[in-house]
Amino acid sequence: MTSDRHPGPGGVDALSVEVLEALQRGTDLHGLSPLSIAGRLDLRSIRLGGEESGQAAGIDVLPGAILSDVDFSGAEAPGLRLVRARAVNCVFEKANLDGLEARATDFVGCSFAGASLRGAQLSLPLDDRYSSYEDVDFSRVTLSGASCVDASFKRCVFSRLKMGAMSFRGANFVDCSFSGVLRKVVFSGDSLTGRELPGRVMQNVDFSNAVLRDVEFRGIDLDGVSLPEGDPHILVKHYQCVLGKILGRLPVSGQPFTYGLRAYLAAERGHSHPAREIGIWHRASLGKTPEEQEYAIRMLRACESECEGDG
């Protein structure tokens with residue numbers, strides 16, 4: 001692929017080779033092209049990896065590299081590997097970053113809006129350091145199959161997401177918001193490396209415009225968290241009391257539906273924070289048919305009323 005937008009023989013193709021070599025050597029990217037956009041070096045649509053570029057899988061950036069004021073919008077960089085790196089005021093919008101590995105890497109004031117991050121590892125600890133994201137835009141990002149271990153997110157926006165089969169383990173969130181569909185996503189306060197969080201797992205985090213289906217909050221009390229209300233979500237107060245009562249009433253055998261529901265709720269209770277007061281479920285998680293769902297909701301509401309009276 002060539003383009004008149006980039007000067008010199010070969011256009012984008014030639015520039016892509018130079019950028020890749022510079023990233024691997026740790027050379028300043030700003031000497032590679034005179035073009036700029038919105039105050040950033042214009043490296044839009046470069047191809048650092050993938051079948052079309054002929055590059056082998058995986059793109060290693062020199063450990064400790066600093067990427068500052070660069071626009072990588074529309075770039076092809078699957079398998080990008082960052083180690084103790086730092087990206088400041090960079091744009092990765094609509095880029096292909098599938099399989100990204102960020103080891104102890106910091107992102108500040110960056111945008112991944114519209115990017116593909118399938119199977120990405122947003123944070124991998126290294127020598128007691130972890131990745132951090134500050135003032136980062138994850139709008140319309142595809143995060144299916146991604147994972148994140150021991151990361152810190154501050155003032156990040158996760159809007160209109162396609163997030164599924166993903167886990168955030170040992171990660172903390174401060175002043176962040178989520179919207180869009182989250183399915184089979186696990187937020188857990190337990191670290192695999194023994195990292196001690198600086199405070200609550202979630203502080204001033206807003207899920208009110210998100211759809212949560214099979215989303216787990218393991219070891220998180222949900223204080224300081226705004227949750228979605230109304231159909232298809234079912235919220236109950238007195239979460240621990242309600243779970244205790246409903247688990248004592250659902251049959252353990254003879255009825256596959258209630259047995260499955262009991263196992264589902266028991267597993268959730270086993271991961272729950274002892275001080276958690278609010279329970280939330282997507283109605284589709286409570287039963288396969290409308291009749292099963294309504295049965296489960298009636299049981300939850302009855303137990304909630306009893307717990308309210310007990311209090």
Side-chain angles (χ1 to χ4, degrees), residues 19-29 43 46-50 53 55-70 72 75-93 95-112 115-138 141-156 158 163 165-174 176 185-198 201:
V19 170
L20 180 59
E21 292 176 349
L23 289 172
Q24 294 171 333
R25 294 194 308 264
T27 305
D28 184 5
L29 298 178
L43 295 183
I46 62 170
R47 294 183 178 275
L48 304 183
S53 71
Q55 297 292 338
I59 306 164
D60 292 304
V61 175
L62 184 75
I66 297 177
L67 306 176
S68 178
D69 305 312
V70 182
F72 291 102
E76 286 287 334
L80 183 67
R81 290 190 285 259
L82 302 170
V83 179
R84 296 190 302 277
R86 183 174 175 83
V88 180
N89 192 33
C90 290
V91 175
F92 303 93
E93 296 179 358
N96 176 3
L97 298 171
D98 291 345
L100 168 75
E101 292 184 14
R103 297 179 181 269
T105 292
D106 300 322
F107 296 87
V108 180
C110 295
S111 174
F112 292 89
S116 180
L117 287 161
R118 291 181 177 88
Q121 299 183 75
L122 299 184
S123 177
L124 290 168
L126 181 66
D127 300 329
D128 296 324
R129 286 191 57 197
Y130 53 89
S131 297
S132 67
Y133 296 80
E134 187 173 331
D135 298 304
V136 172
D137 185 357
F138 289 97
V141 168
T142 300
L143 280 165
S144 301
S147 65
C148 182
V149 178
D150 293 359
S152 177
F153 296 87
K154 294 182 179 179
R155 297 180 300 279
C156 293
F158 299 82
M163 183 185 291
M166 179 176 181
S167 66
F168 293 90
R169 185 156 188 176
N172 66 299
F173 300 81
V174 179
C176 296
V185 178
V186 175
F187 296 95
S188 173
D190 294 330
S191 167
L192 289 172
T193 63
R195 175 198 177 204
E196 293 188 10
L197 298 180
V201 178

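Along the sequence shown, residues carry numbers from 1.
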Quiz item: Any chance the side chains of S116 and R118 put a donor and an acceptor closer than 3.5 Å?
Solution: yes
Quiz prompt | Donor + acceptor pair across side chains of R25, T27 (<3.5 Å) | solution = yes
Practice problem: Could you label the plane-to-plane angle of the F107 and F92 rings as parallel, tilted or perpendicular, counting under 30° as parallel and over 60° as perpendicular? | Solution: perpendicular
Quiz item: Among L82, L97, L100, L48, which residue meets the side-chain contact (heavy atoms from CB on, under 4.5 Å) test with I59?
Solution: L48
Practice problem: Return the set of residues passing ring-ring contact (aromatic ring centres under 6.0 Å, His included) with F168 (not counting sequence neighbours), or none when no residue passes. | Solution: F153, F173, F187
Exercise. State whether the side chain of R103 and the backbone N or O of R84 hold a donor-acceptor pair below 3.5 Å, judged by distance alone.
Key: no
Quiz item: For C90 and D69, which heavy atoms make the closest approach, and how far apart are they?
Solution: SG-N, 3.9 Å
Quiz item: What heavy-atom pair brings C148 and S123 nearest, and what distance separates the two atoms?
Solution: SG-CB, 3.8 Å
Quiz item: Under a 4.5 Å cut-off applied to non-hydrogen side-chain atoms, are V136 and F112 in contact?
Solution: yes
Quiz prompt | Straight-line distance of L67 CG to N89 CG, nearest 0.5 Å | solution = 12.0 Å
Quiz item: How far does SG of C176 sit from NZ of K154, to the nearest 0.5 angstrom?
Solution: 10.5 Å
Quiz prompt | Closest contact, heavy atoms only, E93 versus S111 | solution = OE2-OG, 2.9 Å
Practice problem: Can you sort out the partners of D60 under side-chain hydrogen bond (donor to acceptor under 3.5 Å, both in side chains), two or more places apart, ordered by chain and number? | Solution: R81
Exercise. Identify the two heavy atoms, one from D106 and one from R129, that lie closest to each other, and give their separation to 0.1 Å.
Key: OD2-NH2, 3.8 Å
Quiz item: Quick one: CG on L124 to OG1 on T193, what's the gap to the nearest 0.5 Å?
Solution: 11.0 Å
Exercise. Measure the CG-CG distance between L80 and D98 for me, rounded to the nearest 0.5 Å.
Key: 11.5 Å
Quiz item: Hey, is the main chain of S132 close enough, under 3.5 Å, to the side chain of S152 for a donor-acceptor pair?
Solution: no
Quiz item: Heavy atoms, side chains only, cut-off 4.5 Å: are M166 and L117 in contact?
Solution: no
Quiz item: Within the side chain of Y130, is there an N or O that forms a donor-acceptor pair under 3.5 Å with the backbone of R195?
Solution: no
Exercise. Assess whether side-chain contact (heavy atoms from CB on, under 4.5 Å) is satisfied between V185 and L143, documenting all intermediate values.
Key: CA-CA 10 Å; V185 178; L143 280 165; over 6 Å; no
Quiz item: Looking at R86 and T105, what are the two nearest heavy atoms and their distance?
Solution: N-CG2, 4.4 Å
Exercise. For residues S131 and A104, report the shortest heavy-atom separation together with the two atoms involved.
Key: OG-N, 3.4 Å
Quiz item: How long is the gap from CG on L20 to CD1 on I46, to the nearest 0.5 Å?
Solution: 8.5 Å
